[in-house]
> 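Would you mind keeping the following structure in view while I ask a few things?
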2 protein chains.
Amino acid sequence: MSNIQDLNFSIIKAFRGKGYKVTPQRLAISRFALFSRDHLTAKMIYSQIKKTYPTVSLATVYATLHILKEVGLLQGRCMPTSEARFDPDMQPHVQLVCLQCDSIIDWRHPLVSKVIAEVAADAKFSASGQVLDIIGLCNRCKEKTNLEEK
Amino acid sequence: MSNIQDLNFSIIKAFRGKGYKVTPQRLAISRFALFSRDHLTAKMIYSQIKKTYPTVSLATVYATLHILKEVGLLQGRCMPTSEARFDPDMQPHVQLVCLQCDSIIDWRHPLVSKVIAEVAADAKFSASGQVLDIIGLCNRCKEKTNLEEK
DNA sequence: TTGTATGCAAATTATTTGCATGGGA
DNA sequence: TCCCATGCAAATAATTTGCATACAA
């Protein structure tokens, strides 16, 4: 998604296409969630949106995130600990979830799509999304732990 | 894990190996969680164990599940909706998560381990677990939906 | 105008924690 | 014996819901 104009347009189209009304709150939440390269939590989005819409409620943020998932603009993923994170990257990809610093690093591997397609076909499963998380310690935290042990 | 004797032995060995005491409650919870082929929730385990230990508490179930994860006998995974599920299958495998009936079907694919190993190596990530979920509609729910629409 | 979205607060649900007591090693 | 595990209840934290009002279509 290259610029804000295109982004607005896609959001409006997706919402209206499923019969959802477009409100300033919904647009702001969607824009922020989709434009970000990070894996945000509902609260992070909420605190950001509150700067421009001080009366916005967390319930509206959650509701909007649900719509974004339904119209296929966003993926939600639950974390081993702590709250759900939202990811605008809809392509199948690997996420490296660090247990120590809670960071998520996206990674691409050409075989991910292949594995998912084959398994879904074999199991006659109609896939609407996928999660490939590798859980452990990121490089930075690993090095930090090593240093502290010395 | 072929029989109850072996299972008991493995559990005791794993607990003591990390300095955890073995109590009847812990053994019962572990046996039930590990022997099951299903992906149970903490509550499911709790209701089962209460039949033999009516005073057992949910907190103990959670604590034991944490230990089982730590000693590497169990994987925990969070669900898109509802509570966490626990899986005694520690081999990398695909899970087909049905959004309608909440069932989880395990599936094996030879490339899963390869993808995970390669990505972890490339990203210098030290992996301790993985989740490969395909989210959507299982075959049964898909057919049911089709019938209802006619 | 008409129904849907909003904001607020309260409700719900999963999980964790504090603490006194009991029991494994 | 001594510390760790237990059960209970209360706390926490994330997310959802009910409802009156506001606003997009």
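Per chain, numbering begins at 1; letters A, B, ... match sequence-line order.
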> Under 4.0 Å, counting only non-hydrogen atoms across every strand here, what does A/Pro24 touch: a base, just sugar-phosphate, or nothing?
sugar-phosphate
> Nearest whole Å is fine: how far is C/dG24 P from B/Ile12 CD1?
13 Å
> With a 4.5 Å limit on heavy-atom distance, are the side chains of B/Arg85 and B/Leu40 in contact?
no
> Can you tell me if the side-chain N/O atoms of B/His66 get under 4.0 Å from OP1 or OP2 in C/dT15?
no
> What integer distance in Å separates B/Ile29:CD1 from D/dA5:P?
13 Å
> How many whole angstroms separate atom CG of A/Leu68 from atom P of C/dA5?
13 Å
> Grab the CD-C1' distance between B/Glu70 and D/dA5 for me, whole Å please.
15 Å
> Using a strict cut-off of less than 4.0 Å between a Lys/Arg side-chain nitrogen and an Asp/Glu carboxylate oxygen, indicate whether B/Lys69 and B/Asp87 qualify as a salt bridge.
no
> Tell me: OH of B/Tyr20 to C1' of C/dG24, nearest whole Å?
16 Å
> So, does B/Ser57 get its side chain near the phosphate of D/dT6, meaning an N or O under 4.0 Å from OP1 or OP2?
no
> Verify the contact: side-chain N or O of A/Thr23 to OP1 or OP2 of C/dA5, cut-off strictly under 4.0 Å; return yes or no.
no
> If you compare every side-chain N and O of B/Arg26 against the phosphate oxygens of C/dG24 (OP1, OP2), does one of them come in below 4.0 Å?
no
> Check this one for me: any side-chain N or O of A/Lys21 less than 4.0 Å away from OP1 or OP2 of C/dG3?
no
> Salt bridge or not for A/Arg108 and A/Asp89, using N-O below 4.0 Å?
yes
> Just how far, in rounded Å, is P of C/dA5 from NZ of A/Lys18?
14 Å
> Between A/Tyr62 and D/dT16, is there a side-chain N or O to OP1/OP2 distance below 4.0 Å?
no
> In the structure I gave you, are the side-chain heavy atoms of B/Arg16 and B/Lys21 within less than 4.5 Å of one another anywhere?
no
> I need the single residue from B/Thr64, B/Leu27, B/Thr23 that forms a side-chain contact (heavy atoms from CB on, under 4.5 Å) with B/Phe15. Which is it?
B/Thr64
> Can you find a side chain N or O atom of A/Gln25 that sits less than 4.0 Å from OP1 or OP2 on D/dC23?
no
> Rounded to the nearest angstrom, tell me the gap between atom CE in A/Met44 and atom P in D/dA14.
11 Å
> Starting from the 5' end of DNA chain C, give me the residue, B/Arg16 or B/Arg85, whose nearest nucleotide shows up first.
B/Arg85
> On DNA chain D, does the nearest nucleotide to A/Ala63 precede the nearest nucleotide to B/Ala59 from the 5' side, or the other way round? Give the residue.
B/Ala59
> Round to a whole Å and report the spacing from CD of B/Glu83 to C1' of D/dT16.
15 Å
